[in-house]
There are 2 protein chains.
Amino acid sequence: MAGGQGRVLELAVLGSLHETPLHGYELRKRLNALLGMFRAFSYGSLYPCLRSLLARGLIAEEQPAPNAIVGGRSKIVYKLTAEGKERLQELLTQAGPSAWEDESFGVHFAFFRHTEAEVRLRILEGRRSRLEERLDAVRTALARTAERLDSYTLELQRHGLESVEREVRWLNELIATERRASAEERPERDTTSTDE
Amino acid sequence: MAGGQGRVLELAVLGSLHETPLHGYELRKRLNALLGMFRAFSYGSLYPCLRSLLARGLIAEEQPAPNAIVGGRSKIVYKLTAEGKERLQELLTQAGPSAWEDESFGVHFAFFRHTEAEVRLRILEGRRSRLEERLDAVRTALARTAERLDSYTLELQRHGLESVEREVRWLNELIATERRASAEERPERDTTSTDE
DNA sequence: GTTAGCATGTAAGGAGTTACATGATTTT
DNA sequence: AAAATCATGTAACTCCTTACATGCTAAC
């Protein structure tokens, strides 16, 4: 119940408001459209988060344009402050487990446009090795107990392994693309020894 | 912090102990090998859960065989009681959102062997329509904003859609298999009108 | 004999949901 | 004028994690 309403949601909010000012209700819709395949936030977490960000000076209420003689005084449109932009950059620079775990990877990836190339690469590689650890653990366990398992359990394992393997291949492609792009930008550096 | 340490973990524990008695440490390893692709439990949730199940009479400490003159008095092996078996059946019979949401579907599926055929079918269909709702929502939102999105966001959406579509296809196959199997078991019933 | 892994547990807290409560505005 | 949807917010609660605390036992 303290102020730190979750780094993931905080990043998602700051990142969205960096593109354009928004009010809470629509912000939630945007987030759930953007991340709908991975997670969904509720108002019960979004509004307290906005309140906390406002109190910390990372966002501010945008004054409605005075030419609009609107009587409708209900929407509260928030925009990013200078401190908010700094905080966003800080969050986007962190390349650690908090960036590549299941709950947070999607959000970090969604704002890769604002992330430095080196950080992007480290996050993608971090996620990949996280998934490979998981594959190793499950495959090892499976090799020891496969014949004792019923068909539903086996099918679940098979499907789970396949999904994670697919994500690893996807990451491989992204990593290769990133490496090619950064090699093009600085062609003076040697790229043959940058593996692993 | 009350007694109800989560229906998902409760189901996972009861289901595992139904196969064979186990002590906490190994139970956790089994669960994380079984469900490692979807989620992982920590000791901090497992031991309180065992304590709660013990207090509710759903599991019991298994007495070590008296022929073993083992001085090793440390492992606490739990086994399912009659009430525990009833509770497990009750949990496995529930075909509702609590069975097909992301956090719980894998656990329910893992114990499908002990689930009635009709319940299995309803859970698979429930999961499928849950995923299809999600696809609709994201696709609609995407159609309205696709040209404004940067390449990373688009790639994330593309990958997310593809993953969910793959799971839907997987579910379609499973549902078809289930229908075929139940048609074989009761050939007197008509199966042509059971489609949506 | 000391590191590594087995084994059990607890207290505090983090991150978010659900359900509730309220009111304005648009659509039918 | 009723129903739907937009819009904001809070309190209580759920479920799980992290970090800590402890001791045993097997391997090197």
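Proteins get letters first, then strands, A, B, ... in listed order; numbering begins at 1 in each.
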Applying salt bridge (Lys or Arg N to Asp or Glu O under 4.0 Å), name anything that partners [X], two or more places apart in sequence or on another chain.
| X | result |
| --- | --- |
| B:Glu83 | none |
| B:Arg169 | none |
| B:Arg87 | B:Glu10, B:Glu90 |
| B:Arg166 | A:Glu162 |

Measure the distance from [atom1] on [X] to [atom2] on [N] and round it to the nearest whole Å.
| X | N | atom1 | atom2 | value |
| --- | --- | --- | --- | --- |
| B:Leu50 | C:dG9 | CG | C1' | 11 Å |
| B:Leu46 | D:dT18 | CG | P | 15 Å |
| B:Glu10 | D:dT14 | CD | P | 13 Å |
| B:Ile76 | C:dT8 | CD1 | P | 6 Å |
| A:Glu61 | D:dA7 | CD | P | 16 Å |
| B:Asp102 | D:dT14 | CG | C1' | 17 Å |
| B:Lys75 | D:dC24 | NZ | C1' | 12 Å |

Proximity to the side chain of A:Tyr47 - top-ranked nucleotide from C:dG16, C:dT8, D:dT10:
D:dT10

Which nucleotide in D:dA7, C:dT8, C:dG16 has an atom nearest any side-chain atom of A:Phe41:
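Ranking D:dA7, C:dT8, C:dG16 by closest atom to the A:Phe41 side chain puts C:dG16 first.
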
Kindly state which residues belonging to residues 21-32 of chain B come within less than 4.0 angstrom of DNA chain C, counting heavy atoms of the residue only, listed by number.
B:His23, B:Gly24, B:Tyr25

Enumerate the salt bridge (Lys or Arg N to Asp or Glu O under 4.0 Å) contacts for residues 24-44 of chain A, please, sequence neighbours excluded, ordered by first and then second residue.
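Every pair satisfying salt bridge (Lys or Arg N to Asp or Glu O under 4.0 Å) with a residue in residues 24-44 of chain A: A:Glu26-A:Arg30.
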
Can you list, in residue-number order, the parts of residues 33-40 of chain B that come under 4.0 Å of DNA chain D, counting heavy atoms only?
B:Arg39, B:Ala40

Going by side chain to side chain contact (heavy atoms under 4.5 Å, CB included), name the residues that satisfy it together with A:Gln89, two or more places apart in sequence or in a different chain.
A:Leu92, A:Thr93, A:His114

Listed by chain and number, what are the side chain to side chain contact (heavy atoms under 4.5 Å, CB included) partners of B:Glu167, not counting sequence neighbours?
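Only A:His159, B:Phe105, B:Arg127, B:Leu131, B:Trp170, B:Leu171 meet the side chain to side chain contact (heavy atoms under 4.5 Å, CB included) criterion with B:Glu167.
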
OP1, OP2 of [N] versus side-chain N and O of [X]: anything below 4.0 Å?
| X | N | result |
| --- | --- | --- |
| A:Arg51 | D:dT10 | yes |
| A:Arg7 | C:dA15 | yes |
| B:Ser45 | D:dC15 | no |
| A:Ser42 | C:dT17 | yes |

N/O donor-acceptor pair under 3.5 Å between B:Thr115 side chain and B:Phe111 backbone:
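Side chain of B:Thr115 to backbone of B:Phe111, a donor-acceptor pair under 3.5 Å: yes, one is there.
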
Would you mind listing every side-chain hydrogen bond (donor to acceptor under 3.5 Å, both in side chains) that reaches into residues 136-148 of chain B, with sequence neighbours excluded?
B:Arg139-B:Glu165

Is it true that B:Glu125 and B:Arg130 have a side-chain N and a carboxylate O under 4.0 angstrom from each other?
no

Ion pair check, B:Glu116 and B:Arg122, cut-off under 4.0 Å
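Looking at B:Glu116 and B:Arg122, the cut-off is not met.
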
Per the end-axis method with five pairs at each terminus, what is the bend angle of the helix from C:dG1-D:dC28 to C:dT28-D:dA1, to 10°?
40°

Pairs meeting criterion ring-ring contact (aromatic ring centres under 6.0 Å, His included) with involvement of residues 119-156 of chain A, two or more places apart:
A:Tyr152-B:Phe109, A:Tyr152-B:Phe112

